[in-house]
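Here the structure is a predicted model, which means the values were calculated and not measured.
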Amino acid sequence: MNREAVTSAKRIVIKIGSSSLTGKAGSALDDSSVEKIVKVVADLKSRGAEVLVVSSGAIAAGLAPLKLATRPKDLPTQQAAASVGQGLLIARYNEAFSSHSILSSQVLLTTEDIVRRSHYQNAHQTLAKLLSLGVVPIINENDTVGTQEIRFGDNDRLAALVALLIGADL
């Protein structure tokens, strides 16, 4: 893909990994890291792009409040950390985006939302409406209900599926 294709993209999906959100802290959200990401999105929106963010980080954000030093290995503790961390993560994004007068939203998806036609259509309609309203959807896998057998596996895959779902240029 050439530079012109990148700079002229109108609908963009950005995938953010946990390590990009935790910075040096490692197990807690790093405010400056979140601010940098939001600034990039705000700049893209100011040039007229529609931006969706697929963000990891819920489990990492939940570690410190649960007093866990490392990422848990077992699924129930991962789900508990995700449950605690998802609210913290979206609150931090909302706060950072509001400082740029941008509204963001939380969208949690499961594999069912992509593989079942009725769910797929609903997810598409919801994301399209959010974009038409100028909202930046913050998308994550719904880790609190996913089991290892039915999970996307990682947000890289989810980001690719969201890009197809919404017809992203980049």
What's the spacing between [X] [atom1] and [Y] [atom2] if we round to 0.5 Å?
X	Y	atom1	atom2	result
R92	F97	CZ	CZ	10.5 Å
T77	L66	OG1	CG	9.0 Å
Q106	N94	CD	CG	8.5 Å
S33	L21	OG	CG	7.0 Å
K73	Q78	NZ	CD	9.0 Å
T110	E141	OG1	CD	8.0 Å

Please examine the side chains of [Y] and [X], heavy atoms only from C-beta on, and report whether any two atoms are closer than 4.5 Å.
X	Y	answer
I166	L131	yes
Q121	R117	yes
L161	Y120	no
V41	Y93	no
I138	L89	no

Examine [X] and [Y] and state if one hydrophobic cluster contains both, with Ile, Leu, Val, Met, Phe, Trp and Tyr joined whenever side-chain heavy atoms are less than 4.5 Å apart.
X	Y	value
V53	L164	no
V135	L108	no
V54	L103	yes
I14	V38	yes

So does [Y] get a backbone contact from the side chain of [X], meaning a donor-acceptor N/O pair under 3.5 Å?
X	Y	answer
K36	S20	no
S83	Q79	no
N140	S55	yes
D169	K10	yes

Work out which heavy atom in [X] is nearest to a heavy atom in [Y]; give both atom names and the distance.
X	Y	result
A9	L170	CB-CB, 3.7 Å
S56	N155	OG-ND2, 2.9 Å
I59	A82	CG1-CB, 3.8 Å
K15	G17	NZ-CA, 3.5 Å
V84	G62	CG1-CA, 4.2 Å
A81	L63	CB-CD2, 4.3 Å

Problem - From L127, D113, L52, V13, residue fulfilling side-chain contact (heavy atoms from CB on, under 4.5 Å) relative to L165 - result: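 Exactly one candidate clears the test, L127.
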
Handout entry: Worked verdict on K39 versus D43 for side-chain contact (heavy atoms from CB on, under 4.5 Å)
Key = CA-CA 6 Å; K39 173 79 169 88; D43 290 346; 2.8 Å; yes

Problem - From CA spacing to verdict: side-chain contact (heavy atoms from CB on, under 4.5 Å), V162, V107 - result: CA-CA 11 Å; V162 167; V107 178; over 6 Å; no

